[in-house]
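Keep in mind that what you see is a predicted model, and the values were worked out from it rather than measured.
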Amino acid sequence: MTRRSQPTSQNIGRIALFGLPGSGKSTFSSIAKSWAAKNDATVHVITLAEPLYRAQAAVYESAGRPLHTAERRQDGALLNFLGSHMRKINPRVLEEHFLSETERIYSACAGGARRHVIICSDARPTDLPYLQRSGFHPVVITVDEDVARKRKEERGDLTLGDSQHSTESGLEQIHPNTPVDNSGTLEEFFTATSALLDSVAR
């Protein structure tokens, strides 16, 4: 079956978030939902790494230390491994998940006048080609690496991922029109995120 890569509707904004682990991609998505509630819009978040999280949960279950269903704690080292090894098994594993999710969202958006924004909340440089083919606007969230590491420690990751791992490489080669810096305060990030959403969801 051939899946659509883009909808025909023009009232859908599409954003793909890039950045180091701990840069604030999940925070951006949370701010976007608050923005949507104030702007008569709907935000849909696609988690590209969902297949990796399911695999992580299976590993912990098999190890006799199951993660709680509602728990989305990250074992960064394990996710680094899964990200590279699952792509060796199926290079399109995350792309196939992405296409399935976008098709579901486009179907839900069809026929309405309400504004929608789709956010791919955890893109990696290797994902850029198919995201751009699908009309997604790349946004790089910049942050000092020490700040990102501190945030990972504060959110209680099971292990910290390696920012130099092959699954994270190539970030410097993405040159977005609208980078967003998250090295300052949450209020500053909120303002920058809201301004970007205003421009995307016109």
Please identify each residue that fulfils side-chain hydrogen bond (donor to acceptor under 3.5 Å, both in side chains) with [X], with sequence neighbours left out.
X: S29; value: none
X: S26; value: none
X: D127; value: R87, Y130
X: T27; value: none

Smallest separation among heavy atoms of [X] and [Y], with atom names:
X: F189; Y: D181; answer: CD1-O, 3.8 Å
X: V93; Y: P51; answer: CG2-CB, 4.4 Å
X: P66; Y: E61; answer: CB-OE1, 3.2 Å
X: A49; Y: D122; answer: N-OD2, 2.9 Å
X: T126; Y: P129; answer: O-CD, 3.6 Å
X: D144; Y: S183; answer: N-OG, 3.3 Å

With sequence neighbours excluded, tell me which residues meet salt bridge (charged side-chain N to carboxylate O under 4.0 Å, His left out) with R92.
->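 By the salt bridge (charged side-chain N to carboxylate O under 4.0 Å, His left out) rule, R92 matches E95, E96.
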Kindly write out the residues that satisfy salt bridge (charged side-chain N to carboxylate O under 4.0 Å, His left out) with D40, not counting sequence neighbours, or none if the list is empty.
->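 Checked D40 against salt bridge (charged side-chain N to carboxylate O under 4.0 Å, His left out); matches are R114.
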Any donor-acceptor pair under 3.5 Å linking the side chain of [X] with the backbone of [Y]?
X: Q56; Y: L79; result: no
X: S194; Y: T191; result: no
X: K25; Y: G19; result: yes

Out of L128, L131, I15, which residue meets the side chain to side chain contact (heavy atoms under 4.5 Å, CB included) rule with F136?
->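 Among L128, L131, I15, the one meeting side chain to side chain contact (heavy atoms under 4.5 Å, CB included) with F136 is L131.
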Qualifying residues under side-chain contact (heavy atoms from CB on, under 4.5 Å), relative to [X], sequence neighbours excluded:
X: T185; result: E187, E188
X: A41; result: W35, A36, R115
X: E101; result: I46, H97, R104
X: K33; result: V43, V45

Sequence neighbours left out, what passes ring pair (Phe, Tyr, Trp, His ring centres under 6.0 Å) with H44? Give chain and number order.
->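 With neighbours one apart ignored, the set is H116.
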Measure the spacing between [atom1] of [X] and [atom2] of [Y] and express it to the nearest 0.5 Å.
X: S199; Y: H137; atom1: OG; atom2: NE2; result: 6.5 Å
X: L48; Y: C120; atom1: CG; atom2: SG; result: 3.5 Å
X: F81; Y: M86; atom1: CZ; atom2: CE; result: 10.5 Å
X: L82; Y: R54; atom1: CG; atom2: CZ; result: 12.0 Å
X: Y53; Y: D75; atom1: OH; atom2: CG; result: 11.0 Å
X: L94; Y: L99; atom1: CG; atom2: CG; result: 11.0 Å

What's in the same ILVMFWY side-chain cluster as V147, cut-off under 4.5 Å, chained through other members?
->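 Joined to V147, directly or through intermediates: V143.
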Are any of the side-chain heavy atoms of L196 and F28 separated by less than 4.5 Å?
->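 L196 reaches F28 side chain to side chain.
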Could you walk me through whether S23 and N182 pass the side chain to side chain contact (heavy atoms under 4.5 Å, CB included) check?
-> CA-CA 7 Å; S23 61; N182 189 23; 5.8 Å; no
